[in-house]
Amino acid sequence: EKGTYPHYMLKEIDEQPAVLRKIVQHYQDAHGNLAVDQEIVAQMLQADRIYIVACGTSSHAGWVGKQLLETLTHIPVEVHLSSEFGYNPPLLTEKPFFIFLSQSGETADSRQVLVQVKEWGYPTLTITNVQGSTLSREADYTMLLHAGPEIAVASTKAYTAQIAVLAVLAEVVGKSKGLPLTVDMQHELGIVANGMEMMIDDKEKIEQLASEFLAVSRNAFYIGRGLDYYASMEAALKLKEISYIQTEGFAAGELKHGTIALIEEGTPVIGMITQENVAGHTRGNIQEVASRGGHVMVIAMDGLNEAGDDFILPKTHPLLTTLNAMIPAQLLSYYASLHRGNDVDKPRNLAKSVTVE
Ligand code: F6R
């Protein structure tokens, strides 16, 4: 039930800190150490490549998962859209391991790939929010998101939960490989949860920015590099699907290779800056957009921020910053949709789980 909330989406956005804490609690052993089903870990240790297969928001969580898994486990990762993989599968390595990401566990495009991969005989893991769902029953292994039912069509808490579960998985596999880089994931996810709470408290400011800059625009951009690019893709989907503003998530450095032609006086462009190694470059790209009349908003992590930035994210581990960055992005889309008079929880043309190919 949505209780006192006007919309499920707002409730589900607010639940995210609690969901992260629940995930940390769930994925630990009797001694309080991070833990994942040993069989999953053993299978992944044998793999020469991980294939993440998903649709929509779940695929965007997959891109962040790729970064987490490659950094912490040193296993190469490919991310594929289910609807593409189904008919044009990539050339596979000898020992692939498949991860299906699906909030509902019922997405037909993803199920079709799972059925195929099982026929080929490769090991499969479904990460889902729904115990007993089709993708969970049909895969060899399941990891649950523990996010509670997600009712709003626009996925919010499932996205952050998927990333958190992938972070846990990456850390546990990396550790059992004895790699030098380890992250105290329980601690770091706790810091993220606290940071999310701070961002969630900023609703008034976010609503005001949404009503000022997203109330009438026809198009918008999110830009970033690296993890900020992956977050931009998700932020853009969130904004477009419920506000109906045509929004693209773009690799900041790629804009000048064509798409910058679309920037006009007042076009909203939201820059994401959470990664130190590319912060300066993204700043440069934001400058290019601003000088062409774009209306720039910046979401930057504390320490990488500059005067005039709209949102300062509390400092977190650099691999986990997209979790915090998503809070203002989700809320911007919520308020943009609200101010445009749309049905926030049930946007036109969309269904919560897509059970046709
Ligand atoms: C967007 C959204 C969709 C789903 C996609 C996959 O907010 O919710 O893009 O992410 O349809 O659904 P699942 O994760 O249930 O397989």
Side-chain angles (χ1 to χ4, degrees), residues 7-13 15-16 19 52-65 79-86 98-115 117 124-139 142-166 222 230-249 322 326-327 329-334 336-337 342-357:
H7 298 98
Y8 282 106
M9 184 180 181
L10 196 60
K11 172 173 178 271
E12 289 161 7
I13 290 172
E15 283 170 350
Q16 291 173 105
V19 170
I52 295 179
V53 183
C55 308
T57 288
S58 294
S59 77
H60 299 152
W63 283 102
V64 178
V79 183
H80 291 273
L81 294 170
S82 312
S83 56
E84 285 297 307
F85 189 114
F98 280 84
I99 299 179
F100 292 84
L101 294 178
S102 178
Q103 187 285 129
S104 63
E106 300 297 342
T107 302
D109 287 324
S110 301
R111 176 173 187 244
Q112 181 218 6
V113 179
L114 174 58
V115 169
V117 165
T124 53
L125 162 67
T126 290
I127 299 180
T128 180
N129 203 23
V130 183
Q131 191 156 27
S133 58
T134 306
L135 275 114
S136 166
R137 281 185 278 109
E138 294 183 351
T142 295
M143 288 175 79
L144 291 174
L145 298 178
H146 300 287
E150 193 182 62
I151 311 287
V153 164
S155 179
T156 52
K157 61 178 178 173
Y159 170 82
T160 45
Q162 280 168 336
I163 292 172
V165 169
L166 285 162
Y222 270 93
Y230 305 151
S232 292
M233 295 196 285
E234 170 55 12
L237 177 58
K238 224 56 344 166
L239 185 57
K240 82 177 93 174
E241 69 181 328
I242 60 171
S243 74
Y244 314 145
I245 301 169
Q246 183 167 13
T247 313
E248 282 192 71
T322 47
M326 209 44 61
I327 303 287
Q330 292 167 347
L331 286 167
L332 275 173
S333 70
Y334 173 79
S337 172
N342 299 345
D343 188 343
V344 173
D345 282 341
K346 285 200 177 67
R348 67 188 183 204
N349 309 340
L350 288 171
K352 182 65 185 164
S353 66
V354 186
T355 51
V356 291
E357 270 178 38

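Computation of the quantities below employed the complete heavy-atom set of this structure, encompassing side-chain atoms and omitting hydrogens, waters and symmetry-equivalent molecules. All ligand and atom numbering here is 1-based and tracks the order in the structure.
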Residue and atom name of the nearest protein heavy atom (relative to atom 12 (O) of ligand 1), distance in Å to one decimal: T107 OG1, 3.5 Å
Residue part near ligand 1, for E241, under 4.0 Å between non-hydrogen atoms: side chain
K352 to ligand 1, any heavy atom closer than 4.0 Å: no
Shortest heavy-atom approach to atom 8 (O) of ligand 1 - which of I127, L237, V153, L145: V153
Protein heavy atom at shortest distance from atom 11 (O) of ligand 1: V354 CG2, 4.1 Å
Shortest protein contact, atom 15 (O) of ligand 1 (heavy atom only): S104 OG, 2.7 Å
For S58, atoms of ligand 1 separated by under 4.0 Å from a heavy atom: 10 (O), 13 (P), 14 (O)
Under 3.5 Å donor-acceptor, E150 side chain and T156 backbone: yes
Under 3.5 Å donor-acceptor, Q330 side chain and K238 backbone: no
Donor-acceptor contact below 3.5 Å, side chain E84 vs main chain L81: no
Ligand-side contact atoms (ligand 1) for residue partner K238, heavy atom cut-off under 4.0 Å: 1 (C), 7 (O)
Ring center gap for H7 and Y334 short of 6.0 angstrom: yes
Closest approach of A139 to T124 (non-hydrogen atoms, all atoms of both residues): CA-OG1, 3.5 Å
Check: Q162 N/O within less than 3.5 Å of ligand 1 N/O: no
For A154, the ligand 1 atoms whose distance to one of its heavy atoms is below 4.0 Å: 7 (O)
Carboxylate-amine/guanidinium contact K157 E12, below 4.0 Å: no
Side-chain donor or acceptor of T247 paired with backbone N/O of I245 under 3.5 Å: yes
Closest non-hydrogen atom pair between S136 and T128, with its separation: CB-CG2, 4.0 Å
Contacting atoms of ligand 1, where contact means under 4.0 angstrom from a heavy atom of S155: 7 (O), 8 (O)
From A158, S59, C55, S102 - option closest to atom 6 (C) of ligand 1 by heavy atom: C55
E106-T134 side chain donor-acceptor pair, cut-off 3.5 Å: yes
For ligand 1, the portion of E106 having any non-hydrogen atom under 4.0 Å away: neither
Protein heavy-atom partner closest to atom 10 (O) of ligand 1 - residue, atom, separation in Å: T57 N, 3.1 Å
